[in-house]
Amino acid sequence: MTRFGMAVDLDRCQGCRACVEACKIENNTPSSVFWMHVFRLEDGEYPNTHIDFLPRPCQHCNNAPCVKVCPVGARFKREDGLVLTDYDRCIGCRYCEVACPYGVNYFNWRSPDDAFADYQIPFDDPDVASVTGGAVPAYKNPDHDRKYGDEQRLTSGSAHQKGVMEKCTFCVHRVEQGLLPACVDTCPVGALKFGDIEDDETPISQFIRSNNTFQLLEDLGTDPSVVYVGGTAPSSTAREIERPTTGVDR
Amino acid sequence: MTTQTMPTEERPQDGAPRLPMGVGQFSRGWLLFFALTTIGSIVGLIGYLTEHSQGMVATGMRDLGTMGGATWGIYISLVVYFVGISFAGITIAALIRLFDIEDLKGTARMAELMTIVALLLGGIAIIVDLGQPLRGIVNLFRYARPQSPFFGTFSLVIAGYLFASIVYLYLTSRRDAAVLAKQPSKLQGFFRAWAAGYEDTADQRSRDRRTTFWLALAVLPLLVVAHSSLGFVFGLQVGRPGWFGTLQAPAFVILAGVSGIGHLLVFAAIVRKLLGQEKRIGLEAFAWLGRFLMVLLFVYSYFVIVEIFTTIYQPTVAEQRIGDALLTGRYAWLFWISVATLVVHAVWLGWMAVTKRWNVGALVVIGLLVNVGAMGKRYLIVVPSQTHGQLLPYGDGVGSYSPTWVEYAVAVGLFSFGALLIGLFMKMFPIIELEDSKTEAVT
Amino acid sequence: MTRRGVITIAMIVIGVSLMGAAYFAGSAPWCADEVACSNPRMEWSPALFVFGVIIAISSALYYDVAKDKAVDRDSGPKDKTR
Amino acid sequence: MAEISRRTVVKGTAAAGGTVAASKLLFNVVDSDASAETGLQLAAPVEDEVFTTCWIGKQDCGMSARRVDGRVVKFEGMNGHPRNDGTLCPKGQAQIVSIYDPNRLKTPLVRTNDKGVTGEWRQASWDEALELVAEQYAKVAADDPKQVLWQKGRSKAKDFYDEAFVKAIGCSKLGHGAYCSDTGYRAVEYTTGLHGVLHPDLLNSKYVLSWGWNITNAGGNKFCWLTWPRQLVQARENNGLKIVQIDPRLRPAGPFADEWVPIKAGGDLAMALAMCHELIAQGFIDQPYLTAYTNAPYLVGEDGLVLKETIGEGEEAADVPLVWDDAVGRAVMYTDAVEPALEGNHQIDGQTFTTSFELFKAHVDQYTPEWAADKCGVDASTIRRLASEFGTEASIGATTIVDGVEVPHRPVGIMAYHMAQQELGFQAVRAMTIISMLVGAVGAHGGQLSDFTWKIHKNYAAFEDLKIDEPPYDFTLKNSKFFPINTGFPGIVTQVMQDPDRYQVEKLPKMVIIHMANPVVAFASAPDFVATYGMFDFVAVISPWMSETADLFADVVLPAATIEKYEGPISAGDGYIDAKALRLPPMEPLFESRGEIDIYLDLTEKMGLLHGEGGYLERVNDLLGLAETEFALPAGEKPTPRDIFDRWSKSQGLSGIDYFEENGVWVKGPLSPAKRYGYVSDPPFGGAVHRLYGESLLKAQRLQEDMGVDEVYSRDYTAFPTWRAPTMDASPPEYEFTLISYKLVEHKQSRTAMIPLLTELGGRQRVEMNPSAARRLDLSEGDVVTVESHNAVTGETRSVETVLALTEGIRPDVVGMPHHFGGWTHPVSRGLGPSPNDLYFSSEGYVGQTADASFHVKVRVTKGSEST
């Protein structure tokens with residue numbers, strides 16, 4: 001059996017958020033939505049301060065609380081370990097979001113068009129539309145119009161419809177083409193690795209096996225498929241610095 | 001709406017006797033009430049239509065995590081609250097049937113009606129909270145998963161409980177309908193249909209009693225399951241500090257009783273006054289309800305103490321953050337007001353119980369205030385665990401949520417709509433069961 | 001046993017059976033680790049469950065409301081109250 | 001640990017998708033519902049991939065653009081590109097938005113209202129707009145073409161087309177350099193002859209002093225950012241590289257900091273001198289290197305001048321420095337010495353001559369760690385220990401074999417780039433270079449590098465004798481008595497324009513062509529630009545966006561393309577592998593925007609300077625090395641940019657531009673040790689004698705004094721780096737903080753402030769402060785505060801309003817603000833908060849000795865907005 005997972009090499013991560021940006025463009029997520037988020041954390045008191053970076057994609061838990069609570073089976077886990085959302089089935093109750101201890105879920109509070117409007121780039125500008133056909137965003141990835149997996153559900157990409165839940169898909173559309181997720185692919189320092197973590201022979205399994213690892217909030221028993229290598233789990237006194245802005249007025 | 005309180009039979013007019021309990025008669029006060037609640041409902045509708053067109057961005061809810069918000073807000077608080085109110089109705093009704101508590105019979109129908117209306121409102125609140133409401137209605141019937149605690153909410157609470165309550169109300173009201181159907185009025189046909197062949201024979205009476213007894217007996221466990229399942233919505237979530245716990249389900253049941261009986265006290269007092277039914281709803285009824293409420297409040301106070309103690313003794317970091325926010329921080333005002341309303345009134349009721357000096361006015365005040373407390377506690381269950389319950393170091397660990405006018409409008413709309421429904425019911429059917437003595441069983 | 005009793009009990013049995021069947025056999029299995037866990041084994045099973053609940057509870061309605069003799073159309077309340 | 005190769009085909013994919021056959025994907029099985037919702041057409045889109053080069057930073061990473069029906073949907077890193085090998089940074093990713101941004105300039109615009117306020121415009125044709133610029137040029141050039149100023153922020157490839165333009169029209173030129181690290185370039189050019197600042201041979205290094213260097217945010221010289229961290233993580237894994245972060249902020253090195261030395265802002269020179277003191281005191285001296293390759297053994301007289309002997313006659317005459325040859329016991333020309341003495345003083349012809357190394361020892365004798373401690377805020381014991389670690393790790397005397405060549409192995413170095421951007425930056429960088437020189441790390445394997453080659457920059461020779469002209473000076477003060485070494489500083493130009501008499505300048509620029517530069521926001525001391533750019537008779541701006549400078553001052557704005565154009569050739573090497581690439585348009589530019597080469601071809605044509613002798617085409621031929629070859633652009637024919645690069649590609653022995661279109665990058669192969677390491681280059685160190693002793697600086701100082709220049713300008717022209725308190729220290733004590741500024745990884749040059757995906761990540765402006773300082777001032781996180789700077793010379797104050805951000809990662813006596821804020825023309829940059837540039841000064845005391853900006857100023861922080 002395949003179980004896709006990600007290894008995050010914290011000794012390498014430099015917190016640049018290239019992964020965040022690659023994800024946003026690959027998956028067409030609108031403003032304020034970060035399927036991949038990178039914590040920049042500060043801990044300790046001057047001058048014994050330290051800084052840590054912690055990329056946070058969806059953990060694609062083996063024992064996923066979000067899947068359990070979904071009342072209609074819109075959030076589901078595939079046999080290959082990917083935890084996905086069926087955008088055509090989700091009723092928008094947001095139970096998965098409160099059930100998830102990692103804060104990885106993003107709800108479409110607005111219509112995708114409205115959510116992109118924060119970027120203040122009128123994609124419907126006639127000059128732009130003459131090239132893009134008015135696609136929102138202009139760099140819209142056609143892969144997300146397709147359905148994936150045996151289950152053939154609409155699970156890939158973002159900004160499909162208002163009122164449904166979304167989150168990191170491990171780039172299901174890329175994985176099924178044999179490509180790495182966009183975040184992994186772009187990481188300048190190779191801090192992100194992806195592959196089958198159940199097969200002992202894969203590079204990622206060997207990498208995980210030969211290092212000290214931890215999972216986020218291990219005690220909760222969610223058994224994430226994202227494994228952190230090197231570094232330590234964020235302490236309770238860690239403070240987040242340099243947060244991204246969110247365009248949604250709060 | 002204070003003028004027309006006399007039993008109608010005693011004041012014949014236009015040749016026909018009036019229907020009892022103000023049924024079919026519209027005073028100026030009632031029309032004002034009708035206008036206000038209609039306006040309130042429209043306000044709610046406008047709020048909802050705004051939310052529907054703009055998306056839920058129109059609410060104050062936002063994503064947990066990087067957005068630092070709460071994704072469940074007062075809508076879910078209202079769901080829990082309304083479902084809680086429904087508790088009392090069926091409980092009181094069931095207790096009356098099961099233990100034949102004569103003093104409370106006058107409040108039975110009110111309680112049943114309250115249950116139905118509250119469940120309807122709870123159902124509407126759920127729909128309002130869905131990002132895809134239409135899909136919600138269809139997909140729940142199509143795909144609902146038993147593993148999700150929402151399965152219980154949707155299938156048992158909303159469907160089963162609501163249906164059972166309606167059946168219960170119906171069965172317990174057929175006799176009255178049959179009585180009223182004998183009296184010529186515009187509503188005669190309606191009552192006749194309602195009575196559906198009830199002739200008040202001894203046979204029917206005993207069958208009726210039997211049916212309602214068994215139905216009440218069947219409803220009670222359903223009730224516990226339903227309220228527990230609502231508690232499980234929160235209590236099973238290991239990833240949300242402040243929610244996870246075994247106390248959640250029983251606490252939900254108890255607080256449900258508090259809010260429901262509180263409401264019933266208020267409702268009963270109003271009906272008693274408006275319809276001049278001091279005899280049918282005697283002080284004993286209030287004493288019963290008061291004692292019942294007192295017991296629940298004491299139990300709940302105990303839960304609160306346990307909760308506080310557990311929170312401050314050796315909390316995890318996240319639990320402590322929530323605890324601090326509740327006890328001394330952002331939510332402290334609401335927490336202590338809520339706790340105070342619950343605890344203080346437990347003591348006050350205790351005093352009344354000991355001295356046996358039951359005062360309806362005081363009970364109304366208590367009924368209202370414990371509901372403020374219950375609503376506050378619902379909000380405090382739903383929201384702080386989101387804003388202050390992040391386990392990863394998002395922001396400074398503290399999110400925020402402030403409802404927008406849309407949510408307030410919807411809340412106003414829900415309460416107004418509920419009141420409107422009750423008001424309409426009262427013009428169509430006696431809100432108090434007609435007295436046995438007036439109509440002997442047909443032999 | 002009366003016909004009323006039989007039908008009532010039948011309704012309860014049918015309702016509860018429907019609930020049981022819908023819950024345990026028709027609805028999505030109680031699991032979360034494969035795609036199959038997200039789909040009811042039979043679509044609309046939850047509706048069936050609710051239907052079961054309704055039938056079971058309706059038994060009370062039936063028991064109480066059903067006329068003694070289903071064929072005796074003339075002995076409706078209308079006539080009696082006149 | 002083995003690198004997991006890029007784009008590994010994910011194992012078990014077939015199992016993953018189950019039976020989702022690849023063919024299904026290939027045939028674009030599209031769900032009709034989904035596509036109906038998105039409104040996209042159902043016809044199978046045509047997908048292709050085109051290669052290009054990133055346009056955001058100076059790193060110039062290779063990219064491949066994924067296109068659907070000719071529309072770019074994503075940029076990804078180009079596989080096999082030495083710099084980024086399939087990876088890309090957030091800026092590289094995000095630039096896709098700018099291609100489609102209708103907030104860009106769509107057509108040429110001509111101003112219809114007064115300057116100095118937000119512009120009102122009418123659309124113009126390219127023809128009309130270019131005609132207008134050409135006319136104005138003709139008017140000014142008729143008097144003196146030097147009064148036309150051409151100004152650019154950064155050339156995003158080889159600057160041949162800029163240079164050709166500047167030369168063809170004969171105008172003056174200003175770059176952004178003085179705002180970058182040019183003083184560091186000057187210091188290194190002066191000291192070792194290399195054009196670059198300081199960076200280690202990272203892949204082979206074991207110990208790096210990361211001095212102010214912004215590893216996780218900015219990068220250093222040669223690379224804007226991405227390649228350094230790639231190499232750094234490898235060195236950490238392979239060599240156990242230790243990073244000592246010497247900076248008032250911890251954030252630059254973040255988790256890579258094995259040790260954080262929170263140095264006082266502006267105290268760097270003091271610490272570097274103390275390090276020199278300690279290295280000498282602890283005996284970490286690479287005698288053979290110092291003797292053979294530096295001027296350390298040169299004999300210096302009591303007058304401070306090097307003892308020289310003239311050889312040859314007339315034109316051929318040359319002064320050759322003398323050293324004391326212990327082998328023969330007398331002074332000989334250094335080229336002839338057998339056993340030059342590094343230390344000691346010697347009596348020659350009755351005069352005392354001391355080796356410059358001996359002088360240096362004496363010079364740094366005063367700079368003990370204890371002396372430095374309160375100047376730089378670092379414990380004496382720490383300085384001592386760091387010197388010891390640095391000296392020990394340097395393993396003086398060790399060699400290693402690289403590709404069969406024996407190379408000295410000194411796995412220590414200093415990464416110091418933006419360190420130079422302070423008042424004493426020139427001497428600080430010189431002192432840091434000397435730290436590496438003392439242990440012989442310069443040009444060693446694993447040691448101190450500055451450039452990727454040992455090609456000696458022309459400034460090395462020029463700096464041997466600093467030229468100072470008699471007044472009047474041109475408006476950049478080039479070769480002036482004020483700045484004998486002069487980078488060309490726009491900030492000084494604003495000072496000159498405000499008071500030309502003071503600087504003995506007669507002719508001020510009348511017209512400026514601003515190409516991708518945004519002085520009124522992006523340059524330090526921004527208020528001076530607002531004060532002076534209205535003085536130009538004519539301002540033309542070439543930019544993809546309406547820059548703030550254009551908004552306030554442009555007469556004509558010409559819309560440039562962003563990445564969608566031809567540029568090059570671009571160095572694609574990583575310091576270890578040599579490679580070249582081009583920027584190719586991933587799609588046609590939207591709107592009426594055009595690539596700069598197109599614009600300059602048309603503009604020079606309008607000016608009548610395209611063809612003919614000294615014309616644009618001839619200059620292009622010269623600068624691209626096409627002149628006199630079969631690939632030269634034919635006279636009289638206006639080429640297309642693609643044609644130019646096709647010819648250049650062919651001149652390089654490639655098939656043509658199609659080589660780049662097909663392969664993306666031209667990888668020439670690894671650099672040989674002789675190219676990488678100065679010790680083994682031919683001649684060693686490119687033939688430059690490293691200047692420990694800066695005789696020409698001393699001579700310049702004397703000349704300045706002779707010409708009666710204020711001490712402000714001459715005091716730092718000293719032969720050895722010499723400490724003095726920075727001018728800002730004279731500000732009153734209530735200005736208790738030193739303001740520093742820095743880059744966020746999300747931003748690079750003003751263009752990123754126009755990219756919504758980056759402003760989203762970069763957040764709003766804030767001023768960072770240590771919580772202990774905030775507590776003292778009764779300030780808390782998120783407070784609106786006023787930051788007020790003070791000019792210790794003029795008493796002028798400047799202030800901005802921003803919000804407070806607390807961090808334990810900053811010294812309590814320092815506050816910091818990031819750059820790339822303060823814009824208002826693009827809707828997403830509006831309202832994000834002010835730029836620290838509004839607080840800096842560019843007048844005396846806030847300018848380095850080489851006319852470069854200082855990014856230090858004393859400030860105070862008070863609660864509330866300015867108005868209260």
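Inspection of the E76(D) and T186(A) side chains reveals no N or O donor paired with an N or O acceptor under 3.5 Å.
Ranked by heavy-atom pairs shorter than 4.5 Å toward chain A, the options T216(D), N217(D), T227(D) are led by T216(D). Contact count against chain D (heavy-atom pairs under 4.5 Å) is highest for Y139(A) among F123(A), Y139(A), Y87(A). Contact tally against chain A (heavy-atom pairs below 4.5 Å) for G254(D), P756(D), P90(D): the top residue is P90(D). Top candidate by heavy-atom pairs under 4.5 Å with chain A, chosen from N770(D), L761(D), I755(D), is L761(D). Top candidate by heavy-atom pairs under 4.5 Å with chain A, chosen from A253(D), G763(D), A805(D), G70(D), is G763(D). For the options I810(D), I99(D), L832(D), L744(D), heavy-atom pairs under 4.5 Å to chain A are most numerous at I810(D). Of the listed residues H826(D), K106(D), R236(D), R764(D), the one with more heavy-atom pairs under 4.5 angstrom with chain A than any other is K106(D).
Contact of V20(A) with chain D is made through the side chain alone, with heavy-atom distances under 4.5 Å. Within the 4.5 angstrom heavy-atom criterion, no atom of C19(A) approaches chain D. Neither the backbone nor the side chain of R3(A) comes within contact range of chain D, judged by heavy atoms closer than 4.5 Å. With a 4.5 Å cut-off on non-hydrogen atoms, I241(A) touches chain D through its side chain but not through its backbone.
Side-chain contact between W228(D) and Q14(A) is absent, with no heavy-atom pair separated by less than 4.5 Å. Side-chain contact between V745(D) and R17(A) is absent, with no heavy atoms from C-beta onward closer than 4.5 Å.
E242(A) and R251(D) are joined by a salt bridge, as a carboxylate oxygen and a charged side-chain nitrogen come within less than 4.0 angstrom of each other. Between E746(D) and R40(A), at least one side-chain nitrogen of the basic residue sits less than 4.0 Å from a carboxylate oxygen of the acidic one, meeting the salt-bridge criterion.
Within 6.0 Å of CG in N212(A) there are 12 or fewer heavy atoms belonging to other residues, nucleotides or ligands.
Under the 3.5 Å distance criterion, the side-chain polar atoms of E808(D) are matched with a main-chain donor or acceptor of Y46(A). R71(D) contributes no side-chain N or O that, together with a main-chain N or O of V131(A), makes up a donor-acceptor pair within less than 3.5 Å. A donor-acceptor pair under 3.5 Å links the side-chain atoms of N103(D) to the main chain of Q120(A), judged by distance alone.
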Run R66(D) and D143(A) through salt bridge (Lys or Arg N to Asp or Glu O under 4.0 Å) and show every step you take.
CA-CA 12 Å; R66(D) 180 187 173 200; D143(A) 292 352; 3.0 Å; yes

